[in-house]
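See structure below.
In listed order, ligands and their atoms are each counted from 1.
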Amino acid sequence: MTAIEARDVALSFGSTPALRGASLSVDPGEIVAVMGPSGSGKSTLLHCLAGILVPDAGEIRLDGRRLDTMNEQERSVLRRDRFGFVFQFGQLVPELTAEENVALPLLLGGVRRTAAFQEARPWFERLGLAGLERRRSGELSGGQAQRVALARGLVARPSVLFADEPTGALDSLTGEQVMDLLVACAREQGTTVVLVTHEARVAAYADRQVIVRDGKVNALVRS
Ligand code: ADP
Ligand code: ADP
C-alpha cells in the first residue's frame, strides 16, 4: 500500500490553476523529491498532500484512507498525529528556547511537559546541537535553526515528513549537512518524506525525483 497519494488532483486559486490533474504515489519509508520551476505547483501539491489545502477535484489518500473528504478538524488531528513539517522560513517560535520548539508538537499532542522535554533532549545530541537546548531560537544560526526545525518535524515520529525548501535559506555546505541528517533520521524511523526543492543537489538525496510542470507531475527520474 502507498503511504501517501495524490490522484488527479486539481486546485485553482481564483482563476489561477495551480494543480491540474497532479498524481503522485509515495511508498512507506520512501524519500521523494518534488522539483520543477517556480510557480509550477510544488508547494500547492505539498499542501494538498499534507491536508492543509483541500483540492477542488481528485483524491488524497494516507495509508489508503481518503484525506480530502475529511472535515477541517479531522485533517487537523491527522496533521498533528501523523505528519511532521519542515519549512524554509519562520518555522520556529523565536521567543521560545530550542528545546521548547522541539517539544512543541508533543505538547500540542497532549504529552506532559516532563515527558515532552525528555523526548526532545536526545535530538540535540543526535543533530550536533548539544549545549544549545536553552538558547532562544531567535539567537541560533541558520543551520542550527534548521536542525532544530528538523528535530521538531521528527520528534513526534510522524508517518510522513513534509519538507518545503528545507535548505533554501542555507549555504550549500550547511544545506548538505541538514539533508544528511534529514535522510539519516528519516531512514532510522522509517519516515516517508516528501521534499520540495529546486536544488538538484538537494533532490539527489531522495530515492526518487519527480518534476512538477504546469500543475502536473509529469516526469519521473529514478536516482
Ligand atoms: P511552486 O511551489 O512550484 O513555486 P506554488 O504551488 O506556490 O508553486 O504556486 C502555483 C501557482 O499557484 C502559482 O501560479 C502561484 O502564484 C499560485 N498560488 C499559489 N498559492 C496561491 C495563493 N495562496 N493565492 C493565489 N495564488 C496562489
Ligand atoms: P514557494 O515557491 O515555496 O511556493 P512562494 O514564495 O511561491 O514560495 O509562496 C509563498 C507563499 O505565498 C505560499 O504559502 C503560497 O501559497 C503563497 N502564494 C504564492 N503565490 C501567491 C499569489 N499569487 N497570491 C497569493 N499568495 C501566493
task: Nearest heavy atom to atom 2 (O) of ligand 1 wins, so pick from Ser38, Cys48, Ser43, Pro37.
output: Ser43

message: Are more than 12 heavy atoms, taken from residues, nucleotides or ligands other than Glu74, located less than 6.0 Å from that residue's CD atom?
response: yes

task: Could I get the full list of side-chain contact (heavy atoms from CB on, under 4.5 Å) partners for Val54, not counting sequence neighbours?
output: Arg75

Under the ring pair (Phe, Tyr, Trp, His ring centres under 6.0 Å) test, residues paired with Phe83 that sit two or more places apart: Phe162

- prompt: For Gly39 and ligand 1, does the shortest N/O to N/O distance drop below 3.5 Å?
  reply: yes

- prompt: Crowded around Arg66 CZ? As in, over 12 foreign heavy atoms under 6.0 Å?
  reply: yes

- request: Can you sort out which atoms of ligand 1 are near Ala18, meaning under 4.0 Å from one of its heavy atoms?
  value: 10 (C), 11 (C), 12 (O)

query: Which of the listed options, Thr16, Leu11, Val212, Leu53, holds the heavy atom that is closest to atom 14 (O) of ligand 1?
result: Thr16

message: Using a 3.5 Å cut-off on N or O atoms only, is Gly41 in polar contact with ligand 1?
response: yes

- request: Using a strict 4.0 Å threshold on nitrogen-to-oxygen distance, state whether Arg121 and Glu99 make a salt bridge.
  value: yes

statement: Ser40 heavy atoms within 4.0 Å reach ligand 1 at atoms 1 (P), 3 (O), 8 (O)

Close-contact set for ligand 1 against Lys42 heavy atoms, below 4.0 Å: 1 (P), 2 (O), 3 (O), 4 (O), 6 (O), 8 (O)

Electrostatic pair Glu95:Arg136 at N-O distance under 4.0 angstrom: no

